[in-house]
Amino acid sequence: MNLVNLESVSHAYGPKPLLSDVSLGVEAGERIGVVGRNGGGKTTLMSVIAGDVRPDSGRVTHNRGLRVGFLSQQDTLDPGATVGEIVLGELAEHEWAGDQRVREILANLIGDLDLAAKSTALSGGERRRTALAQLLIDDHDLLMLDEPTNHLDIEAIAWLAGHLAGRKSALVVVTHDRWFLDAVSTRTWEVVDGRVERYEGGYAAYVLAKAERARIAQAAEERRQNLMRKEIAWLRRGPPARTSKPKFRIDAAQALIANEPPPRESVELMKFATARLGKTVYDLDDVTLHAGGPGSGPLVLDHLTWQFGPGDRIGLIGVNGSGKSSVLRLLADTVKPDSGRVVKGKTVRLAHLSQELTELDPTRRVLESVEEIRKYLQLGKREWTASQLLERLGFKGDAQWKVIGDLSGGERRRLQLLRLLMDDPNVLLLDEPTNDLDIETLNELEDLLDGWPGTLILVSHDRYFLERVTDRCVALLGDGKLALLPGGVDEYLERRAAGTALTARLGNGATTTTTATRPGGAASGGDATEGTASQGSAPGSSVAGQDKLSGLSAKEERELRKELNRLERQLDKLSDQETRLHAAMAEAASDYAKLGSLDAQLREISAQKDAIEAEWLETADRLGD
């Protein structure tokens, strides 16, 4: 049954047609992801479907009595109302407190907010989460969400995806978060040149199906096809969960990528990175750091010793407020540690993209502002002009001659990022670089970073981008350490869930959760390990009291801890071997036969480490650490 029908709908703003003779429908229970270029008509399509905008021509029909919930990008909260009044309306406390679904929405979206706080006291992100919570608590036949993941951390995004997948209402969602699209969508609409192209499945299926259409039609844009094939190759080689949704012939997809190399030439990048950086990038020695300055605000790092090596590509994960940006500022030397020291390599040439837009001369032209830094940039084996790079990041034709003062926030973000890259850094610190970027621009940025040789440390709530451009993830779990995550974001979410479950079992007296982390130092190749776990105890509880939770005798616990120590020693030895192999590969840069042999050894060691790390995690789980 169709809930909404659009018949021959057209709409334009000024001379630019955003929708041209579009006919489509939204069925009951259908979950649709909407993608397309910024400014291409996605939000206009949403507003037309919701009935908020009347099209220039055509007809929009809603089922009688249709209940539509619309989260737009402009939050309109009652300035005189409290958070509780906005979200819960006239529900009595016993009504919402006794409703598990409502409690879950409150806990995951606004658990950190005071329900008695006035909406005027909220930040932009808090207002956004409040509006989303209000929408999800109400009952709707059709939910329409325009960028719902903005201002949510990875954990909240994962919860929201599961919540939406479990609802019976139909869903239409605009988002640039590709992991989220795959998690919630059963169909994908692409708004392009006034048309709406429809595809079955989520983002992975959309990419593959679109590539197959382009191959059959022999599309003229060869470079765009190459980018798409590259992304397909990464999707197909990634974790099984990433490719479980596509509903088309797998053999056709495999034919597209049969001869496609991996997204990054890791050996070449490591060779160049080592040549540019040497062996030392950042060494953190017994560092303690608070987010608000010495002894002030949340504890971020507690006597941490860690190394970031040449060629490392690391994703830094943690809940909002855990201190991710503080760690980047520490490395950028804009904040100092409470104690300990940060040793920066002598050859480090740093570029730091923060969440704040730096001041740009509003009278300058876009192209001029890039060329004043550098007119040409070598990425991989190719040299690019400033104009070519601007085009790749969405500044096409006349857009390169726009005055900076006329740019949108997303355009300024792209320009700021390109200006950083044009300065030819060998270390990149990126704090939420995907904000306001559409999917096509994200593809281009990923491709640029694939050819960039250096050390990359990334903070992003965009899970797809995080996994696509980094090689490993570490997390701030609230214990002052950096936790290595061999299992990536999935492992992070599992650890967070396990920590929450343990807190619940310990009772209300527990002040912190117990988090399993592997002790040790960091290898220059990037397989860093971390300091010991912090163990929180409820008042009156003891370690023995925690042991009872796992059902182990004292003897069994001793044996398991011996096994953990044995495994840790093996991992340290393998990390040392890995470091030596990276150095040997850098020295043998011109000897391709020797490089091949060393690379084979490196792969074997990596496989051994993966197996031992899995065994370590299983043992730690048995201990309850």
Side-chain angles (χ1 to χ4, degrees), residues 1-13 16-36 39-78 86-87 89-91 101 105 128 130-150 160-161 163-175 180-181 184-202 206:
M1 178 181 69
N2 270 15
L3 303 178
V4 181
N5 279 300
L6 272 63
E7 300 175 49
S8 302
V9 165
S10 296
H11 195 72
Y13 284 106
K16 183 179 180 180
L18 296 178
L19 301 175
S20 301
D21 199 30
V22 171
S23 296
L24 49 78
V26 180
E27 295 184 6
E30 194 171 38
R31 299 200 302 272
I32 301 164
V34 183
V35 301
K42 302 187 299 295
T43 295
T44 298
L45 176 64
M46 294 280 282
S47 299
V48 168
I49 292 174
D52 287 1
V53 169
R54 186 173 180 176
D56 297 338
S57 62
R59 185 168 65 170
V60 180
T61 307
H62 285 195
N63 268 11
R64 181 173 297 175
L66 180 69
R67 297 169 298 175
V68 179
F70 187 18
L71 180 75
S72 68
Q73 292 194 42
Q74 288 75 40
D75 301 322
T76 54
L77 302 183
D78 182 350
I86 292 169
V87 174
E90 297 180 357
L91 284 176
R101 183 181 69 90
I105 292 170
R128 184 73 170 167
T130 299
L132 180 58
Q134 176 194 32
L135 192 69
L136 296 182
I137 285 175
D138 289 340
D139 290 324
H140 302 286
D141 302 308
L142 171 61
L143 271 178
M144 306 195 64
L145 309 178
D146 197 349
E147 296 293 356
T149 64
N150 284 358
L160 179 61
H163 176 84
L164 292 175
R167 292 180 75 111
K168 295 181 180 180
S169 54
L171 172 70
V172 181
V173 57
V174 170
T175 179
F180 186 78
L181 279 174
V184 303
S185 303
T186 57
R187 179 173 294 180
T188 301
W189 289 352
E190 182 185 24
V191 184
V192 54
D193 297 331
R195 308 184 314 276
V196 179
E197 301 285 351
R198 279 154 280 189
Y199 299 83
E200 290 296 322
Y206 152 72

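This chain uses plain numbering: 1 for the first residue, then up along the sequence.
Applying the side chain to side chain donor-acceptor pair (under 3.5 Å) rule to Glu27 yields no partners; only residues at least two apart in sequence or on another chain are considered. Listed by chain and number, the residues in a ring pair (Phe, Tyr, Trp, His ring centres under 6.0 Å) with His62 amount to none (sequence neighbours excluded). Applying the side-chain contact (heavy atoms from CB on, under 4.5 Å) criterion to Ser57, with sequence neighbours excluded, gives Ser10. Residues passing the side-chain contact (heavy atoms from CB on, under 4.5 Å) test with Ala131 are Leu71, Asp75, Leu77, sequence neighbours excluded. For the side chain to side chain donor-acceptor pair (under 3.5 Å) test, no residue two or more places apart in sequence or in another chain qualifies with Asn150. Considering only residues two or more places apart in sequence or on other chains, Glu147 meets the side chain to side chain donor-acceptor pair (under 3.5 Å) condition with His176. By the side-chain contact (heavy atoms from CB on, under 4.5 Å) test, Ser23 is found to be paired with Ser8, residues two or more places apart in sequence or in another chain being considered. The side-chain contact (heavy atoms from CB on, under 4.5 Å) search around Leu18 returns Tyr13, Lys16, Thr44, not counting sequence neighbours. Annotation: ring pair (Phe, Tyr, Trp, His ring centres under 6.0 Å) contacts of Phe70 (sequence neighbours excluded): none. Residues that satisfy the salt bridge (Lys or Arg N to Asp or Glu O under 4.0 Å) test with Arg59, not counting sequence neighbours, are Glu7. Applying the side chain to side chain donor-acceptor pair (under 3.5 Å) rule to Arg101 yields no partners; only residues at least two apart in sequence or on another chain are considered. Residues meeting the salt bridge (Lys or Arg N to Asp or Glu O under 4.0 Å) test with Arg67, sequence neighbours left out: Asp141.
One finds the CD1 atom of Ile49 at 4.5 Å from the CH2 atom of Trp189 (value rounded to the nearest 0.5 Å). Taken from OG in Ser169 to CG in Asp138, the straight-line distance is 11.5 Å, to the nearest 0.5 Å. Separating the CZ atom in Arg195 from the CD atom in Glu190 is a distance of 8.0 Å, to the nearest 0.5 Å. Separating the CE atom in Met144 from the CG atom in Asp52 is a distance of 8.5 Å, to the nearest 0.5 Å. Residue Arg187 holds its CZ atom at 4.0 Å from CD of Glu30, rounded to the nearest 0.5 Å.
Among all heavy-atom pairs drawn from Gly41 and Leu19, the shortest one is O-CD2, 4.4 Å. Looking at every heavy atom in both residues, Asn2 comes nearest to Gly25 through ND2-CA, 3.8 Å. Pairing each heavy atom of Val184 with each of Arg31, the nearest pair is O-NE, 2.5 Å. Nearest heavy-atom pair, Val35 versus Lys42, reported as atom, atom and distance to 0.1 Å: C-CD, 3.5 Å. When all heavy atoms of Val173 and Ser185 are compared, the pair lying nearest together is CG1-OG, 4.5 Å. Closest approach of Gly29 and Ala170 over heavy atoms only: N-CB, 3.7 Å.
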Report task. Take Leu132 and Leu160 through the side chain to side chain contact (heavy atoms under 4.5 Å, CB included) test and state the conclusion after the steps. Result -> CA-CA 10 Å; Leu132 180 58; Leu160 179 61; 4.1 Å; yes
**Report entry** Stepwise side chain to side chain contact (heavy atoms under 4.5 Å, CB included) test for Leu6 and Val196
**Finding:** CA-CA 11 Å; Leu6 272 63; Val196 179; over 6 Å; no
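In this structure, the side chains of Leu181 and Thr188 stay at 4.5 Å or more apart for every pair of heavy atoms. Using a 4.5 Å heavy-atom threshold, the side chains of Val172 and Leu45 count as separate. Looking at heavy atoms from C-beta onward, Leu136 lies in side-chain contact with Leu143 at the 4.5 angstrom threshold.
In this structure a side-chain-to-backbone donor-acceptor pair under 3.5 Å is missing from Arg167 to His140.
Thr61 and Asn5 share no side-chain donor-acceptor pair at under 3.5 Å.
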